[in-house]
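Presented below is the structure to which this report refers.
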Amino acid sequence: TGGNLNLGVTYYYSQAGADSQTATDEVPQPYNAYQNSTQNAETLFARIEESTSTGCSVVESVQLNVAPRPVVNTIPAQFLCDNDNSGSETFILSSFDSAITGGASGVSVSYHADMNAANSGTPALPNSYSAPVGTTTIFARVTDSTPQSCFNVVSIDIEVGESPNLPTNIPALASCDAAGGGVFFNLTDRESDILANEPGLIGTGAVSYYEDAGLTMPISDTDALNYSSTGQIIYVEVEGVNGCVSSTSFNLIVDTVSVGAITDKSECDGGGSGFAVFDLTDSDAEALNGKSPTTYSVYYFQEADSALAQTGDITASINNDATLDETAYTNATNPEQIWVVVKHNSYPDCFVVTSYEISATASAAFNEPVALEECDDDNDGFVNFDLTSAETQIQGGNTTIAVSVHPTPSDAQNNVNALPANYTNVNAYNQTLYLRIVDTQNGCESYRDLPLIVYDSPAPIITAPTDVSGCDDD
């Protein structure tokens with residue numbers, strides 16, 4: 001009608017009905033909600049009639065064409081894992097296009113958060129769509145390129161699954177290698193630590209072990225129970241019940257224990273007895289060979305079997321069954337083999353055994369020194385001593401024994417600051433000097449104390465003389 005308000009339009013199913021205005025052939029109202037009675041295409045007839053007194057009319061055919069909506073396919077739920085456990089994962093929505101349209105050409109696809117947005121075509125979701133953990137339903141709108149822009153809508157479930165939540169720090173598995181060549185680990189000993197946040201996966205076979213960070217070198221279940229290593233990183237992958245995986249790693253630490261070369265030790269026997277006192281701990285530093293004494297300990301034994309069994313030790317601390325003093329040990333035989341154990345403090349079964357020899361060197365007998373005593377004429381506590389008298393008393397006539405006297409123990413041991421034969425004490429009344437006694441035949445050294453004692457002289461008693469008288473007979 002071109003907007004002419006003087007024209008009225010009535011629709012009929014046939015030309016004849018329109019011409020004759022047959023009521024039974026008239027299309028029922030409302031015209032703005034007519035559903036075609038013939039599939040896809042139908043022809044109606046419009047009677048256009050002037051409403052003025054002229055009553056002029058014309059009949060025109062109207063072709064109704066029904067364009068089919070685009071075909072859409074229902075696709076299964078789309079699943080992604082939340083690989084970093086951030087609470088969401090990103091879907092590329094356009095990756096669903098082909099499955100939804102079946103690869104049809106001449107259509108476009110947009111994605112929407114709800115049905116209303118899909119029907120109106122706006123707003124659309126971004127192609128890189130971040131979905132939260134769980135199931136989210138979105139709607140795909142498929143629109144064709146016909147003038148009618150026909151569209152169809154289908155819903156899609158997208159699911160984000162949580163990946164196993166693994167601790168960031170897995171405790172290392174540690175052991176000790178005494179023999180060299182590596183030790184055996186049961187990697188599954190760390191399963192409970194790996195699955196501390198996923199206890200439901202323990203014992204389900206969810207944990208796999210690998211030798212490389214790329215997870216291309218798997219360790220079989222059998223090898224994981226008895227895995228030989230000299231120390232390395234073990235890489236772990238855990239698969240959850242939803243198929244999502246997470247990875248972590250832990251260390252295998254292999255400590256080693258070794259013993260250094262221990263030199264044989266000798267002490268002078270002080271008179272040919274064949275027995276001497278040894279401080280066995282003097283060999284600790286050699287045995288440790290630079291290792292920390294807080295990490296490793298040294299123990300001493302009289303028998304090899306005892307060392308291997310770690311019983312009956314000289315060192316009291318290993319099993320608290322020692323009856324001897326390792327710092328003042330008298331040899332049982334001369335010479336005697338001493339057995340040494342170096343042991344890792346964290347691993348009781350990780351130790352090595354070696355031995356060295358102690359021997360008592362025969363040395364000339366000497367007399368034990370006696371204190372030098374002098375009287376003080378002026379009673380001031382100081383007097384001159386003849387130190388050679390101590391030498392003579394100690395030697396007992398054996399001139400192969402050399403004796404020197406020193407003011408301090410360290411001077412005696414280092415053989416410095418020997419005192420002269422005539423010596424005045426510097427401490428009033430009582431003073432101790434220190435003797436260095438050497439067997440010049442074999443170099444054996446002994447050390448003794450020499451006390452100096454000063455006594456006050458008694459004061460004289462003066463009595464007045466009595467007169468004496470006598471007779472002179474001649």
Side-chain angles (χ1 to χ4, degrees), residues 166-196 202 207 209-211 219-236 248-263 279-327 329 337-356:
L166 305 183
T168 55
N169 294 311
I170 308 298
L173 274 178
S175 188
C176 182
D177 184 8
V183 296
F184 288 94
F185 293 90
N186 183 350
L187 303 184
T188 64
D189 286 345
R190 279 291 168 265
E191 181 170 313
S192 60
D193 297 289
I194 296 168
L195 300 177
I202 295 176
V207 181
Y209 303 92
Y210 295 84
E211 293 181 335
I219 300 170
S220 71
D221 292 343
T222 301
D223 289 343
L225 296 174
N226 199 30
Y227 185 75
S228 178
S229 177
T230 57
Q232 67 189 86
I233 299 174
I234 295 295
Y235 299 90
V236 180
T248 187
S249 64
F250 63 91
N251 289 313
L252 299 182
I253 298 175
V254 178
D255 286 321
T256 59
V257 61
S258 61
V259 61
I262 303 176
T263 57
D279 184 351
L280 301 182
T281 62
D282 287 343
S283 298
D284 281 4
E286 289 179 304
L288 291 172
N289 195 26
K291 289 183 172 62
S292 170
T294 61
T295 305
Y296 299 88
S297 296
V298 183
Y299 303 96
Y300 298 92
F301 297 80
Q302 291 177 305
E303 303 291 340
D305 290 345
S306 297
L308 292 171
Q310 298 188 59
T311 59
D313 52 299
I314 298 170
T315 308
S317 59
I318 190 168
N319 283 315
N320 294 319
D321 59 357
T323 58
L324 302 170
D325 184 357
E326 63 182 348
T327 63
Y329 175 73
Q337 199 81 356
I338 296 297
W339 295 88
V340 184
V341 167
V342 176
K343 180 178 179 179
H344 197 295
N345 293 335
S346 298
Y347 310 102
D349 295 328
C350 192
F351 63 92
V352 289
V353 179
T354 189
S355 67
Y356 72 103

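Just so it is clear, the model here is predicted, and its values are computed rather than measured.
At most 12 heavy atoms of other shown residues, nucleotides or ligands fall within 6.0 angstrom of atom CG in D221. Taking a 6.0 Å sphere around CG of N169, one finds it holds 12 or fewer heavy atoms contributed by other residues, nucleotides or ligands. Within a 6.0 Å radius of CD in Q337, more than 12 heavy atoms belonging to other residues, nucleotides or ligands are found.
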- [ ] Tell me, with the steps shown, if D284 and Y296 meet side chain to side chain donor-acceptor pair (under 3.5 Å).
- [x] CA-CA 10 Å; D284 281 4; Y296 299 88; over 6 Å; no
Open item on the list: Please evaluate residues V298 and V340 with respect to the criterion side-chain contact (heavy atoms from CB on, under 4.5 Å), reporting the C-alpha separation (whole Å), side-chain torsions for both, the decisive distance (0.1 Å), and the verdict.
Closed with: CA-CA 7 Å; V298 183; V340 184; 3.6 Å; yes
Open item on the list: Between T222 and S220, is the side chain to side chain donor-acceptor pair (under 3.5 Å) condition met? List the steps.
Closed with: CA-CA 5 Å; T222 301; S220 71; 4.7 Å; no
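The distance from the NE2 atom of H344 to the CG atom of D177 is 11.5 Å, given to the nearest 0.5 Å. Separation of atoms CG (D193) and CG (L166) is listed at 12.0 Å; rounding is to 0.5 Å. Considering CD1 of I253 and OG1 of T230, their distance stands at 12.5 Å, rounded to 0.5 Å. Separation of atoms CG (L173) and CG (N251) is listed at 9.5 Å; rounding is to 0.5 Å.
For the pair W339 and L308, the minimum side-chain heavy-atom distance is 4.5 Å or more. Within the 4.5 Å cutoff, the side chain of F301 has no heavy atoms near those of the V353 side chain. Using a 4.5 Å cut-off on side-chain heavy atoms (C-beta onward), T188 and Y209 make contact. Looking at K343 and V257, their side chains never come closer than 4.5 Å, going by heavy atoms from C-beta outward. No side-chain heavy atom of P167 sits under 4.5 Å from any side-chain heavy atom of T248. For the pair I338/Y329, a side-chain contact is recorded, criterion being any heavy-atom separation below 4.5 Å from C-beta on. With a 4.5 Å cut-off on side-chain heavy atoms, L187 and L252 count as touching. Side-chain contact between Y227 and I234 is present, with heavy atoms from C-beta onward closer than 4.5 Å.
When atom types are taken as modelled, the side chain of Y300 and the backbone of L280 share a donor-acceptor pair closer than 3.5 angstrom.
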